[in-house]
Protein chains: 2
Amino acid sequence: MNKCDQCIVRQLSSLKALNKDEVVKLANSKTTYTIKKGEAIFEEGEVTNGVFCVKDGVGKLSKLSANGKDQIVKLVKSGELLGQRSMISNEPANLSAKAIADMEVCFIPKSEIIHFFNNNNQFSLNLMQSVCEDLKESENDKIALVQKTVKQRLAETLLHLHNEFGENADKTLKVQLTREELAGIIGTATESCIRLLSDFNKLELIELVGKKIMLKNIKALKRMAE
Amino acid sequence: MNKCDQCIVRQLSSLKALNKDEVVKLANSKTTYTIKKGEAIFEEGEVTNGVFCVKDGVGKLSKLSANGKDQIVKLVKSGELLGQRSMISNEPANLSAKAIADMEVCFIPKSEIIHFFNNNNQFSLNLMQSVCEDLKESENDKIALVQKTVKQRLAETLLHLHNEFGENADKTLKVQLTREELAGIIGTATESCIRLLSDFNKLELIELVGKKIMLKNIKALKRMAE
DNA sequence: ATTATAACATGATAAATGTCATAGTTATAG
DNA sequence: CTATAACTATGACATTTATCATGTTATAAT
């Protein structure tokens, strides 16, 4: 079994507040899983009874609509916890979690989290803050959906992906999303997303390197996102 | 000073977990304010350093956009706490809180809330759950904004207002929103909102009694919202 | 290597929604 | 009790965005 005390990722999440004893307890109760790109960690409606700590890779939280489109609510990366909300609310998952790039995740049973929550004030405050952060982001997204055009939201999302996940050696975005997934984040039709990417390409705001995207004029993208 | 132990509203919020001593402490530190319809409790960007407990009336949490439109993120009523998120995140308010109907609110300083959070597990769990509830709602709203038409969102919102706030003796909705505010909730232009209300009226789904709205065919509205 | 499948791309068109103009109606202040 | 402002209403039109059709390119499976 891998010891959690050597896991760098732990330092990035609410779990950083745990003391030595608690980390040992954590290491003894956790289970590690490997999730291949495209596979699900959990699906909408499932009862998870714990949280997943993302050790490596990138995932998406999304909800399938009646017309078959997948609306992406949030992307997650190393150090983030998944399923906190459903666990705290005692509800089945409201969203599905799937891997966008191969992932390694650790499952931590609910009983452990509740125990830490009740016995470690710093941990409960951290957990609270991370849910608050999610709430703020969600509210701001909601406002952007109403107040901004698809073009603005695309510019905004490209900048956000660049900030959050960085770029490869060839300057292209590190997160490799399909056009469909990108459309699912900004909340538009796949074709509209593709069309706008073409436009941005012609305007030399970005460069399309095969399926990859390179940001060429960040200043102009920022202006456009306003 | 009003004693908090006689305040029924307290039973509706996270504060219900407080014990006798804590309630005395609460009563000694709180300040009560009266807010007239249209006035603000706090504005976007303000540092509040505490939370507001809504004793009476109805309020809205909203954000002003560049084009001058007010996007309403959430309505609040008796028993709810305002400003929890900003307080926990140590940030200025992300949204403005204004009264839609005359309100009475109690201000509780941050130090008190943090003290309760650290010393009363049930309180911290309640507070956590209420933020989680807000998060779930916000995520679902976000999905609805993308996946549903304005017409569907209007139907959904009317039903929601009916459920949440109830109706007057004449069967009209109890929350008295302007068309502009209603448009701000569903995220559309005021004219579009008015037009759709007219359509709904003609279809006998609702009846417009002056500025008030009466739901006439709830079943059909539900069908429309899907 | 070849075929099948998924992803990307673009045009044509339709539908939904926003914007501007204008007028009637209700509420409110003096 | 009037006048002034705010709210409601509706038409005409412009714009944005979705949908359907079709072709091309990349990726994966045999």
Side-chain angles (χ1 to χ4, degrees), chain A residues 36-39 65-71 98 100-102 144-155 157 172-173 175-203 206-214 224, chain B residues 36-39 65-71 98 100-102 144-158 172-173 175-203 206-214 224:
Chain A
K36 288 240 165 292
K37 179 175 172 176
E39 287 177 0
S65 73
N67 60 42
K69 273 189 197 163
D70 211 29
Q71 164 72 11
K98 289 173 197 148
I100 280 183
D102 294 357
L145 275 176
V146 171
Q147 298 185 340
K148 296 191 174 180
T149 64
V150 174
K151 196 189 284 187
Q152 290 178 305
R153 269 144 51 206
L154 176 58
T157 300
T172 58
L173 289 182
V175 254
Q176 179 79 335
L177 298 168
T178 65
R179 305 293 193 254
E180 192 180 357
E181 284 168 333
L182 189 54
I185 293 176
I186 65 182
T188 189
T190 307
E191 295 95 321
S192 300
C193 176
I194 289 175
R195 234 181 282 274
L196 285 172
L197 284 174
S198 287
D199 293 351
F200 282 16
N201 192 18
K202 275 168 204 150
L203 292 169
I206 63 174
E207 192 177 321
L208 298 177
V209 186
K211 302 190 171 182
K212 294 183 181 176
I213 299 169
M214 177 189 145
M224 175 164 275
Chain B
K36 287 238 165 297
K37 179 175 172 176
E39 288 177 359
S65 73
N67 60 42
K69 273 189 198 162
D70 211 28
Q71 164 72 12
K98 290 172 195 148
I100 280 183
D102 293 358
L145 275 175
V146 171
Q147 298 184 341
K148 295 191 173 178
T149 64
V150 174
K151 195 188 286 185
Q152 290 178 304
R153 270 144 49 203
L154 175 58
E156 194 177 39
T157 300
L158 291 174
T172 58
L173 289 182
V175 255
Q176 180 78 337
L177 298 168
T178 65
R179 305 292 192 252
E180 192 179 357
E181 284 168 333
L182 189 52
I185 294 176
I186 66 181
T188 189
T190 308
E191 295 95 323
S192 299
C193 176
I194 289 175
R195 232 181 282 275
L196 285 172
L197 284 174
S198 286
D199 293 350
F200 282 16
N201 191 19
K202 275 169 204 150
L203 291 169
I206 63 174
E207 192 178 320
L208 298 177
V209 186
K211 300 189 173 182
K212 293 182 181 177
I213 299 169
M214 177 191 147
M224 176 164 275

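Quantities reported herein were computed from a predicted structural model and do not represent experimental measurements. Every chain is numbered from 1 and lettered A, B, ... according to where its sequence line falls, protein lines coming before strand lines. No hydrogens, no waters, no symmetry mates; every other heavy atom, side chains included, goes into these values.
- The distance from atom CD1 of A:Ile206 to atom C1' of C:dA9 is 13 Å, rounded to the nearest whole Å.
- Remark: B:Gln176 CD is packed, more than 12 non-hydrogen atoms of other residues, nucleotides or ligands lying under 6.0 Å away.
- Sequence order on DNA chain D of the closest nucleotides to A:Glu191 and A:Lys148 puts A:Lys148 first from the 5' end.
- Rounded to whole Å, the distance from NZ on B:Lys151 to C1' on C:dA15 is 11 Å.
- B:Asp199 places its CG atom 12 Å from the P atom of C:dT17, with the value rounded to the nearest Å.
- In this structure, the CD atom of B:Gln152 is 12 Å from the C1' atom of C:dA16, given to the nearest Å.
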Start with the C-alpha distance between B:Ile213 and B:Arg179, add both sets of side-chain angles, then the distance that settles side-chain contact (heavy atoms from CB on, under 4.5 Å), and finish with yes or no. CA-CA 10 Å; B:Ile213 299 169; B:Arg179 305 292 192 252; 4.1 Å; yes
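- The distance between atom CD of B:Glu180 and atom C1' of C:dG18, rounded to the nearest whole Å, is 15 Å.
- Place B:Lys37 and B:Thr149 on DNA chain C by their nearest nucleotides, and B:Thr149 ends up nearer the 5' end.
- Other residues, nucleotides and ligands contribute at most 12 non-hydrogen atoms within 6.0 Å of the NZ atom of B:Lys151.
- For the pair A:Gln147 CD and C:dT17 P, the computed distance is 17 Å after rounding to whole Å.
- If you measure from atom CD1 of A:Ile194 to atom P of D:dG23, you get 17 Å, rounded to the nearest angstrom.
- Of the candidate nucleotides D:dT17, D:dT8, C:dT17, D:dT8 has the atom nearest to the side chain of B:Thr178.
- Across every non-hydrogen atom of B:Leu145 and B:Ile186, the tightest pair is CD2-O, 3.7 Å.
- With hydrogens and angles ignored, a donor-acceptor pair closer than 3.5 Å exists between the side chain of A:Arg195 and the base of C:dG11.
- Both A:Lys211 and A:Lys202 sit near DNA chain C, but only A:Lys211 has its closest nucleotide nearer the 5' end.
- B:Thr190 comes within 4.0 angstrom of no nucleic acid atom, judged by non-hydrogen atoms across all strands.
- Put simply, CG on A:Leu197 is 13 Å from C1' on C:dA7, counting in whole angstrom units.
- Nucleotides of DNA chain D nearest to A:Gly187 and B:Leu208 differ in position, and the one nearer the 5' end is that of B:Leu208.
- Of all heavy-atom pairs between B:Leu154 and B:Cys193, the closest is CD2-O, 4.4 Å.
- Comparing C:dT19, D:dT8, D:dA9 by their closest approach to the side chain of B:Ala189 singles out C:dT19.
- For B:Arg179 against D:dT10, no side-chain N or O and base N or O form a donor-acceptor pair under 3.5 Å.
- Listed pair B:Lys69 / C:dT19 meets the phosphate criterion, a side-chain N or O lying under 4.0 Å from OP1 or OP2.
- Contact annotation: A:Ser192 reaches the phosphate of D:dA18 (side-chain N/O to OP1 or OP2, under 4.0 Å).
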